[in-house]
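For reference, the structure is listed below as structure tokens.
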Amino acid sequence: MSALSSRAKRETAPASQFLRLLPANPGLALAALFLAVIAIATVAPALLTTADPIAADPLQAQLPPSWEHWFGTDHLGRDVFARVVHGARYSILIGVSAVALAATAGSLLGLVAGLSRGLVDEVVTRLLDVVSAFPDLLLALVLISFTGPGTTNLIFALGVAFVPRFARVVRAQTFVIARSGYVEQARTFGLSRTVLVLRHVLPHAVAQVPILATIGLGSAIIGAAGLSFLGMGPQPPAPEWGAMLAEARNYLRVAWWIGVWPGLAITLTVIAISVLGRRWQAAFEGRRSE
């Protein structure tokens, strides 16, 4: 079973290598620090601001950034900083939930197809081809047109659109691993098919899923913001970043800060996630980080 243990060590090594990169790479550390702040805003926004994100005050409308209102106020007099902070909960949780749904469903489909082959594999592959034929956002938009707008429907639509990217990778890995020498060796010890799959095939087949999920999270956040901008996501007065951009588009000439800050939050979050995801992928593949 030495082959099994050596393979496990090779696949757990990238995580430790990735963590060792943080102190030596200022950009990587800065991205991790920014995401830590976003995580706090998602889990406990009250630690960053005590202002009510939906409390309107027409007398305070469209005030520029100041010590009292760090990001200014919007056209209804709501504190933009509070709305950006509380908006992280909507945008991040929608992205994470959509990616979790896609990763779970895609991994199951890929595992079944990789182990079954034959007719089952052909059906799953053709299904993935059909879903992949549509751009992610377009497919999500079509699904929402049937289910209607809302947070739950947005998560479902984005999750379905992202399933193929996970299913294809897991299917390919499962096919290779299930026919590898160390699995054949494990089979000679009399292990049942269930034990072989759960103990020796599944852990290695889904080893890349966390990396794909991290990279895909940025796309999910952009997709959620884009669909919310079109009115397909959380409905007003929910402070979702995409919805905030939609509300701000008519006031950019007179109050630029209403749209700049949520747009900057989306941009920096996606960049930080992409930086960490790509570095993690490089460590997993054994490539030297620049």
Side-chain angles (χ1 to χ4, degrees), residues 38 41-43 45 53-54 56 71 74-76 78 80 82-106 127-128 130-167 212-252 255-274:
I38 294 298
T42 302
V43 177
I54 62 175
F71 289 178
D74 65 6
H75 59 289
L76 297 179
R78 297 172 297 191
V80 176
R83 289 181 63 77
V84 170
V85 170
H86 284 267
R89 172 171 296 179
Y90 289 91
S91 298
I92 299 300
L93 289 184
I94 289 174
V96 170
S97 300
V99 169
L101 175 61
T104 302
L127 177 63
L128 295 176
V130 171
V131 176
S132 300
F134 297 90
D136 296 340
L137 271 182
L138 178 59
L139 178 59
L141 187 59
V142 171
L143 292 175
I144 291 179
S145 67
F146 287 102
T147 60
T151 302
T152 302
N153 293 338
L154 178 58
I155 292 172
F156 172 77
L158 288 174
V160 171
F162 291 156
V163 163
R165 65 179 65 187
F166 294 97
L212 294 175
T214 302
I215 297 174
L217 179 57
S219 300
I221 291 174
I222 292 177
L227 292 173
S228 293
F229 183 88
L230 298 176
M232 301 296 180
Q235 301 300 298
E240 198 275 335
W241 290 340
M244 291 177 64
L245 287 175
E247 293 179 346
R249 68 183 184 274
N250 296 325
Y251 302 93
L252 291 178
W256 55 265
W257 53 87
I258 301 178
V260 166
W261 297 117
L264 196 60
I266 296 172
T267 303
L268 293 180
T269 301
V270 172
I271 290 176
I273 291 173
S274 298

Return the CD1 to CG distance between Ile155 and Leu93, rounded to the nearest 0.5 Å. 8.0 Å

Considering only heavy atoms from C-beta outward, does the side chain of Leu141 approach that of Met232 to under 4.5 Å? yes

From CD1 (Ile273) to CD1 (Ile222), nearest 0.5 Å: 9.0 Å

Counting only heavy atoms not in Phe134, do more than 12 sit closer than 6.0 Å to its CZ atom? no

Are Leu76 and Pro237 close enough that some pair of their side-chain heavy atoms sits under 4.5 Å apart? no

Quick one: are Arg78 and Pro239 in side-chain contact, heavy atoms under 4.5 Å? no

So how far is it from Ile38 CD1 to Ile92 CD1, rounded to the nearest 0.5 Å? 6.0 Å

Leu138 CG: over 12 foreign heavy atoms closer than 6.0 Å: yes

Is it true that the NZ or CZ of Arg83 lies under 6.0 Å from the centre of Phe71's six-membered ring and within 45 degrees of the ring axis? no

Side chain of Arg89, backbone of His86: donor and acceptor closer than 3.5 Å? no

Heavy atoms only: give me the nearest Ala157-Ala140 pair and the separation to one decimal. CB-O, 3.5 Å

Phe229 vs Arg249, side-chain contact (heavy atoms from CB on, under 4.5 Å): CA-CA, chis, key distance, verdict: CA-CA 10 Å; Phe229 183 88; Arg249 68 183 184 274; 3.8 Å; yes

Do you know the tightest heavy-atom contact between Ala243 and Ala238? CB-O, 4.4 Å

So, do Phe146 and Val142 sit near enough that their side-chain heavy atoms are less than 4.5 Å apart? yes

Specify the closest pair of heavy atoms between Pro164 and Ser132, including all atoms of both residues, with the distance to one decimal. CB-OG, 3.2 Å

Within-4.5 Å side-chain heavy-atom neighbours: Arg165 and Asp136: yes

Check against side-chain contact (heavy atoms from CB on, under 4.5 Å), Phe162 and Leu101: CA-CA 9 Å; Phe162 291 156; Leu101 175 61; over 6 Å; no

When you look at Trp261 and Leu264, which way does the side-chain contact (heavy atoms from CB on, under 4.5 Å) test go after all the steps? CA-CA 5 Å; Trp261 297 117; Leu264 196 60; 3.9 Å; yes

With rounding to the nearest 0.5 Å, note down the distance linking CD1 in Ile221 to OG in Ser228. 12.0 Å

Which pair of heavy atoms, one from Pro234 and one from Leu154, lies closest together, and at what distance? CD-CD2, 4.3 Å

Is any side-chain heavy atom of Val96 closer than 4.5 Å to a side-chain heavy atom of Thr42? no

Crowding at OH, Tyr90 (>12 non-hydrogen neighbours, <6.0 Å): no

Side-chain contact, heavy-atom cut-off 4.5 Å: Ile266 with Ser91? no

Reported CD1-to-OG1 distance for the pair Ile94 and Thr152, which is rounded to 0.5 angstrom: 9.0 Å

Atom of Gly259, atom of Leu245 and distance for their closest heavy-atom approach: O-CD2, 3.1 Å

Tightest non-hydrogen contact, residues Ile258 and Ala248, listed as CG2-CB, 3.4 Å

Leu128 side chain near Val163 side chain, heavy-atom distance below 4.5 Å: yes

